[in-house]
Asker: 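First, the structure itself, so that you have it in front of you.
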Amino acid sequence: MITENNNLAATSAHDVAARRLWLVVAISLFVIIADQIFKIWVKTSFYLGEDLPITGWWHLKFIENNGMAFGLELWNKIFLTAGRIAAVVLFIWFLLKIRKAEGLRTGFFVAVAMIIAGAAGNIFDCVFYGRIFNDPMPPQIAVMFPEGGGYAGWFEGRVVDMLYFPLFSFYWPDWIPFVGGSYFEFFQFIFNIADSSICIGVALLIIFYSNDASRAFHYIGDETEKNKERSRKSKMK
């Protein structure tokens with residue numbers, strides 16, 4: 001009876017792990033494919049800097065950047081791309097380690113999947129776009145797989161951004177120190193679907209699933225200790 005119960009528990013844990021991994025794969029593929037389709041469409045339909053107002057507070061504005069989310073540029077391009085790849089590999093390793101952990105909610109895996117997918121989406125731009133697109137001067141539009149080759153080498157492509165939400169803007173009153181008379185716009189950053197996925201995933205983790213993250217790290221720590229103990233017993237034999 002005990003053996004049968006153990007087998008049922010093992011089967012149930014395996015099924016839970018499989019469902020979690022399939023969920024992560026499905027979400028990741030959906031985000032990555034949607035992100036890339038939208039980027040390729042913008043890249044081959046808009047000239048660099050083109051601004052298409054959809055509403056007064058939502059525009060499609062095509063820009064490219066060499067750096068991080070929302071157009072920030074903080075580090076060397078190759079280093080940044082390598083860092084993104086390392087982060088994705090680390091998150092995948094993390095998910096594989098916790099796939100059988102008890103007490104973790106489905107939303108936690110959704111949040112981690114969105115972070116993985118967002119990082120991977122921007123990795124495609126960095127790794128491939130320099131090779132598969134040219135870089136014409138506006139108002140010319142980029143061509144995919146141009147005869148003359150791409151505009152940069154592997155890992156040196158620029159990330160395509162297009163989502164722009166200038167919700168409101170104003171000029172600061174002249175009497176305010178330092179910023180008086182200057183123009184202010186909220187929200188001035190331009191981003192893409194991959195950036196959105198990362199931000200939503202991180203927000204979900206912080207607001208709703210911080211306890212799940214703690215349980216996941218504790219689970220990894222416990223499993224590491226168990227593996228060390230098994231290794232010690234094996235050597236003693």
Side-chain angles (χ1 to χ4, degrees), residues 30-81 83-84 87-88 111 114-130 133-142 151-152 155-208:
F30 176 79
V31 172
I32 291 170
I33 291 172
D35 178 65
Q36 288 301 308
I37 289 175
F38 200 22
K39 285 175 177 175
I40 291 172
W41 174 71
V42 168
K43 181 78 174 170
T44 56
S45 302
F46 289 61
Y47 61 80
L48 188 62
E50 184 173 358
D51 186 351
L52 175 64
I54 306 300
T55 68
W57 50 268
W58 174 28
H59 295 209
L60 293 180
K61 186 173 182 178
F62 172 34
I63 67 167
E64 294 180 310
N65 73 81
N66 289 316
M68 302 179 68
F70 304 110
L72 301 175
E73 297 191 17
L74 301 178
W75 296 304
N76 173 271
K77 180 66 180 180
I78 300 294
F79 178 78
L80 182 62
T81 303
R84 283 196 180 109
V88 169
M114 294 186 74
I115 295 171
I116 292 173
N122 285 332
I123 285 172
F124 276 97
D125 299 32
C126 297
V127 174
F128 299 109
Y129 278 23
F133 289 108
N134 63 351
D135 188 27
M137 291 292 293
Q140 292 181 311
I141 296 172
Y151 64 81
F155 296 91
E156 295 182 324
R158 295 190 294 269
V159 176
V160 173
D161 291 328
M162 77 297 289
L163 299 175
Y164 176 40
F165 293 89
L167 300 179
F168 61 87
S169 61
F170 59 86
Y171 284 92
W172 290 102
D174 292 335
W175 54 266
I176 298 180
F178 304 111
V179 297
S182 62
Y183 180 76
F184 175 81
E185 180 179 84
F186 184 90
F187 180 76
Q188 63 179 320
F189 296 109
I190 302 173
F191 54 101
N192 56 45
I193 292 175
D195 297 332
S196 303
S197 183
I198 293 172
C199 292
I200 292 170
V202 171
L204 289 174
L205 285 180
I206 294 172
I207 298 171
F208 300 108

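Values below: all heavy atoms of this structure, side chains included; hydrogens, waters and symmetry mates excluded.
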Asker: Is a side-chain donor or acceptor of Glu64 paired with a backbone partner of Leu48 at a separation under 3.5 angstrom?
Answerer: no
Asker: Could you label the plane-to-plane angle of the Trp41 and Phe38 rings as parallel, tilted or perpendicular, counting under 30° as parallel and over 60° as perpendicular?
Answerer: parallel
Asker: Any sub-3.5 Å donor-acceptor pair from Gln36's side-chain atoms to Ile33's backbone N or O?
Answerer: no
Asker: Is it true that Tyr183 and Ser169 share a donor-acceptor pair across their side chains at a distance under 3.5 Å?
Answerer: yes
Asker: Is the backbone N or O of Ala194 less than 3.5 Å from a side-chain atom of Asn192, with the two atoms forming a donor-acceptor pair by type?
Answerer: yes
Asker: To the nearest 0.5 Å, what is the distance between CG (Leu52) and CE (Met162)?
Answerer: 12.5 Å
Asker: Hey, does the side chain of Asp161 reach the backbone of Ile63 with a donor-acceptor pair shorter than 3.5 angstrom?
Answerer: no
Asker: Starting from the C-alpha separation in whole Å, work towards a yes-or-no answer on side-chain contact (heavy atoms from CB on, under 4.5 Å) for Leu167 and Trp58.
Answerer: CA-CA 8 Å; Leu167 300 179; Trp58 174 28; over 6 Å; no
Asker: Using only atom types and a distance under 3.5 Å, with no angle test, would you say the side chain of Ser182 pairs donor to acceptor with the backbone of Val179?
Answerer: yes
Asker: For atom OH of Tyr151, decide whether the heavy atoms of other residues, nucleotides or ligands shown that lie under 6.0 angstrom number more than 12.
Answerer: yes
Asker: In Å, rounded to the nearest 0.5 Å, how long is the span from CZ of Phe46 to NZ of Lys61?
Answerer: 12.5 Å
Asker: Looking at Lys39 and Asp125, is any side-chain nitrogen of the basic one under 4.0 Å from a carboxylate oxygen of the acidic one?
Answerer: yes
Asker: Any salt bridge between Arg158 and Asp135, counting N to O under 4.0 Å?
Answerer: yes
Asker: Are there over 12 heavy-atom neighbours, none belonging to Phe184, within less than 6.0 Å of that residue's CZ?
Answerer: yes
Asker: Begin with the C-alpha distance, continue with both residues' side-chain angles, and end with the deciding distance and a verdict on side-chain contact (heavy atoms from CB on, under 4.5 Å) for Leu60 and Tyr164.
Answerer: CA-CA 6 Å; Leu60 293 180; Tyr164 176 40; over 6 Å; no
Asker: If you compare all heavy atoms of Ala117 against all heavy atoms of Ile32, which two are closest, and at what distance to 0.1 Å?
Answerer: O-CG1, 3.6 Å
Asker: Do the ring centers of Phe189 and Phe187 come within less than 6.0 Å of each other?
Answerer: yes
Asker: For the pair Val159 and Cys126, evaluate side-chain contact (heavy atoms from CB on, under 4.5 Å) and give the outcome as yes or no after the intermediate values.
Answerer: CA-CA 6 Å; Val159 176; Cys126 297; 3.7 Å; yes
Asker: Are Trp172 and Phe178 an aromatic pair by the rule of ring centers under 6.0 Å?
Answerer: no
Asker: What is the distance from atom CG of Asp195 to atom CG of Asn65, rounded to the nearest 0.5 Å?
Answerer: 7.5 Å
Asker: Answer yes if the side chains of Asn122 and Asp35 hold a donor-acceptor pair under 3.5 Å, and no otherwise.
Answerer: no
Asker: Rounded at 0.5 Å granularity, tell me how far CZ in Phe186 sits from CH2 in Trp57.
Answerer: 13.5 Å
Asker: State, to 0.1 Å, how close Ala119 and Val88 come at their nearest heavy-atom pair, and which atoms those are.
Answerer: CB-CG2, 3.5 Å
Asker: What's the spacing between Phe62 CZ and Lys43 NZ if we round to 0.5 Å?
Answerer: 4.0 Å
Asker: If we ignore hydrogens and angles and just use 3.5 Å, is the side chain of Ser197 paired with the main-chain N or O of Met114 as donor and acceptor?
Answerer: yes
Asker: Between Thr44 and Phe133, is a side-chain contact (heavy atoms from CB on, under 4.5 Å) present by the stated rule, with each step listed?
Answerer: CA-CA 9 Å; Thr44 56; Phe133 289 108; 3.8 Å; yes
